[in-house]
Each structure stands twice: as C-alpha cells, then as structure tokens.
**Student:** 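Mind looking over this structure? Questions follow.
Start at 1 with the first residue, then count along the sequence. Predicted model, so just to flag it, every value in this text is computed and none were measured. Note that these values count all heavy atoms, side chains included, but never hydrogens, waters or copies made by symmetry.
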Amino acid sequence: MRGSGNVFRDLGHKSPDIEQFKAILAAEIIKALDREGLTVRAAHARTGIAAADFSRIRNADLERFTVDRLMAVLNRLGSRVEVKVRVRPGESAA
C-alpha cells in the first residue's frame, strides 16, 4: 500500500492536515533551537515562552499547541513563517 504523504492520515487520525502542519512547525522550532545552540532554558530566557513548552515541542508532545501558538514561538525565535495553501479535491464526507 502506498502512503498518502501524510502519516497522520495514513494512521487514521481525526485532523491529519493540522497534525502534519503542527509537526512541520515543531521541526522548524527544533531546527532554530539547534542552529542557535539554545537549551530550553536559554530559549525561555530569550523568548519568555516556558521552558516546559520547548521541552514538549522537542518531545513531539504537541497536543497542547495550536498552529497559531507554534507560529508565534517561531516568530519569537526570530523566524518568519510563510504558508502556501493548495486545495485539492478530497473524499466526500457524505
């Protein structure tokens, strides 16, 4: 069986597109932390965002985060987010 390109969809998650987008944002946050050599405490000191939140992001525990909040974290780390939307016909919900 061939994958859809979205592991969350392939696993039958309720909101696969949102979960994939959150995972992409989290990966970018982790890249920013690694690029700057920031620990979760140093990231907290720089951004004011709780160190525990950075730990959750590093551990892919993203349930508490909205897409907006993850984008705000990236912005506070000095990154800018550009979103490109492409809508494709999907399966009928009926």
**Student:** How long is the span from the CD atom in Glu82 to the NZ atom in Lys84, to the nearest 0.5 Å?
**Tutor:** 6.5 Å
**Student:** Determine the minimum heavy-atom distance between Asp10 and Gly5, stating which atoms define it.
**Tutor:**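 Between these two residues, the closest heavy atoms are OD2-N, 4.3 Å.
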**Student:** Is it the case that the side chain of Lys22 and the backbone of Phe65 share a donor-acceptor pair, with hydrogens and angles ignored and the cut-off at 3.5 Å?
**Tutor:** yes
**Student:** Looking only at heavy atoms, what is the nearest atom pair of Leu33 and Ala43, with distance?
**Tutor:** CD2-CB, 3.6 Å
**Student:** Please say yes or no: joined through hydrophobic side-chain contacts below 4.5 Å, possibly via intermediate residues, are Phe54 and Val81 part of one cluster?
**Tutor:**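 Shared cluster, yes.
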**Student:** Indicate yes or no: at least one non-hydrogen side-chain atom of His44 is less than 4.5 angstrom from one of Ile49.
**Tutor:**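 Answer no - side chains too far apart.
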**Student:** At what distance, to the nearest 0.5 angstrom, does CE of Met71 lie from OG of Ser79?
**Tutor:** 11.5 Å
**Student:** Answer yes or no: is there an ion pair linking Lys31 with Glu28, defined by an N-O contact shorter than 4.0 Å?
**Tutor:** yes
**Student:** Nearest 0.5 Å, what's the CG-OG1 distance between Leu25 and Thr66?
**Tutor:** 10.0 Å
**Student:** Find the distance between OG1 (Thr39) and CZ (Arg58) and round it off to the nearest 0.5 Å.
**Tutor:**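 Going from OG1 on Thr39 over to CZ on Arg58, the span is 9.0 Å.
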**Student:** Taking side chain to side chain donor-acceptor pair (under 3.5 Å) as the test, write out the residues that go with Arg9, two or more places apart.
**Tutor:** Asp17
**Student:** Might you point out which heavy atoms bring Leu62 and Ile57 nearest each other, and give the distance in Å?
**Tutor:**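 Looks like CD2-CA, 4.1 Å.
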**Student:** Hey, any chance Val7 and Ile24 share a hydrophobic cluster, counting ILVMFWY side chains that come within less than 4.5 Å of each other, even indirectly?
**Tutor:**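 No, it is not one cluster - the side chains of Val7 and Ile24 are not joined through contacts under 4.5 Å.
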**Student:** Counting heavy atoms not belonging to Ile18, are there more than 12 under 6.0 Å from its CD1?
**Tutor:**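 No - once you tally the heavy atoms of other residues, nucleotides and ligands closer than 6.0 Å, there are 12 at most.
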**Student:** Kindly state each residue pair satisfying ring-ring contact (aromatic ring centres under 6.0 Å, His included) with at least one member in residues 3-41, sequence neighbours excluded.
**Tutor:**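 ring-ring contact (aromatic ring centres under 6.0 Å, His included) check on residues 3-41 returns Phe8-His13.
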**Student:** Can you find a pair of side-chain heavy atoms, one from Leu70 and one from Leu74, that are under 4.5 Å apart?
**Tutor:** no
**Student:** How far does CG of Asp53 sit from OG1 of Thr47, to the nearest 0.5 angstrom?
**Tutor:**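 Answer rounded to 0.5 Å: 9.0 Å.
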**Student:** Can you tell me how far apart CG (Asn75) and CG (Asp68) are? Round to the nearest 0.5 Å.
**Tutor:** 10.5 Å
